[in-house]
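A quick write-up on the structure given underneath.
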Amino acid sequence: MDALTALRDKRDTRSYRPEPIDPSVLDRVLDAARMAGSAKNRQPVRMVVVTDHDAKVALKDSGDFAAWIDQAAVVVVATVRADAGPRRLFDLGRHAQNLMVAAHAEGLASCPVTVHHPDVARRILDIPDDVEPTMIITLGWPAPGGEAPPQIASPRLSLGDYVAHGRWTS
């Protein structure tokens with residue numbers, strides 16, 4: 001799948017088949033995330049890959065909208081060093097997007113989930129206090145009927161409404 005197709009067709013999916021992800025596929029997806037840039041090349045983002053069922057169930061308490069995450073074969077907790085400066089969340093977002101688009105190109109489904117209760121994730125995964133567990137990304141093979149719809153449920157802005165050339169327009 002080419003990059004533009006992967007970007008356009010990727011949809012957040014919360015329904016997965018139970019089979020595991022081959023380690024070589026997971027490594028390719030994680031490597032794509034690793035290649036995302038970071039401000040001043042600080043590389044403050046780290047990923048914690050969770051496949052243990054009990055840990056995935058426990059991690060549901062780390063997000064207000066995470067009740068379903070244990071259905072995914074893999075739960076990736078994206079973290080960033082707290083001292084990495086004001087661009088750290090932008091850096092983390094770049095890594096998360098690379099991860100999800102690469103997963104989609106491999107035929108995997110994914111969905112980002114906000115970590116609302118970082119202390120829960122810290123306790124479960126032994127994450128130190130100077131590291132922020134900020135985002136969970138679920139990965140798995142899409143369940144039948146759980147594949148992304150062929151078009152976006154709510155249409156995106158037109159390119160003309162999204163882009164202003166030269167100066168702000170309303």
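Note that the coordinates shown come from a computational prediction; the quantities given were computed from them, not determined experimentally.
- Formation of a donor-acceptor pair under 3.5 Å by the R17 side chain with backbone atoms of A143 is not found in this model.
- Residue pairs meeting the side chain to side chain donor-acceptor pair (under 3.5 Å) criterion with at least one member in residues 76-85, sequence neighbours excluded: R81-D83.
- The two atoms that bring R87 and A39 nearest to each other are CB-CB, 3.9 Å, heavy atoms only.
- Of all heavy-atom pairs between T169 and A164, the closest is OG1-CB, 3.6 Å.
- Annotation: side chain to side chain donor-acceptor pair (under 3.5 Å) contacts involving residues 90-103, sequence neighbours excluded, are absent.
- Of all the heavy atoms in A55 and V50, the pair that sits closest is CB-CG1, 3.7 Å.
- Residues A33 and M47 share a closest heavy-atom pair of CB-CE, 4.2 Å.
- Among pairs with a residue in residues 37-55, none fulfils salt bridge (charged side-chain N to carboxylate O under 4.0 Å, His left out), at least two apart in sequence or across chains.
- S62 and V120 get closest at one heavy-atom pair: N-CG1, 3.8 Å.
- The backbone N or O of V75 lies less than 3.5 Å from no partner atom in the side chain of K56, so there is not a single donor-acceptor pair.
- Counting all heavy atoms, side chain and backbone alike, A109 lies closest to T13 at CB-CB, 3.6 Å.
- Looking at residues two or more places apart in sequence or on another chain, you find a side chain to side chain contact (heavy atoms under 4.5 Å, CB included) between H53 and V57, D70.
- I69 and V74 are members of different hydrophobic clusters when ILVMFWY side chains are connected at heavy-atom separations under 4.5 Å.
- The line from NE2 of H104 to CG of D12 is 11.0 Å long, rounded to the nearest 0.5 Å.
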Check: residues 20-31 side-chain donor-acceptor pairs under 3.5 Å, at least two apart:
from	atom 1	to	atom 2	distance (Å)
D22	OD1	S24	N	2.8
D22	OD1	S24	OG	2.4
R28	NE	E106	OE2	2.7
R28	NH2	E106	OE1	3.1
D31	OD1	R34	NE	2.7
D31	OD1	R34	NH2	2.6

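- Side-chain heavy atoms closer than 4.5 Å link hydrophobic residues (I, L, V, M, F, W, Y) into clusters, and following such links, even through other members, never connects M35 to L99.
- Here the CZ atom belonging to R11 is positioned 11.5 Å from the OG atom belonging to S110, to the nearest 0.5 angstrom.
- L89 and V77 sit in two unconnected hydrophobic clusters of ILVMFWY residues. Membership requires side-chain heavy atoms under 4.5 Å apart, directly or through other members.
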Mind listing the side-chain donor-acceptor pairs of residues 121-139 below 3.5 Å, one per line with the distance, residues two or more places apart or on another chain?
from	atom 1	to	atom 2	distance (Å)
R122	NE	P128	O	3.4
R122	NE	V131	O	3.3
R122	NH1	D119	OD1	2.9
R122	NH2	V131	O	3.0
E132	OE1	R88	NE	3.1
E132	OE2	R88	NE	3.3
E132	OE2	R88	NH2	3.4
T134	OG1	E132	O	3.2
T138	OG1	Y16	OH	2.6
T138	OG1	C111	N	3.4
T138	OG1	C111	O	3.3

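- Listed by first and then second residue, the ring pair (Phe, Tyr, Trp, His ring centres under 6.0 Å) pairs involving residues 59-85 are F65-H116 (not counting sequence neighbours).
- No path of Ile, Leu, Val, Met, Phe, Trp and Tyr side chains, each step under 4.5 Å between heavy atoms, connects V76 with V48, placing them in separate hydrophobic clusters.
- Listed by chain and number, the residues in a side chain to side chain contact (heavy atoms under 4.5 Å, CB included) with D2 are L4, T5 (sequence neighbours excluded).
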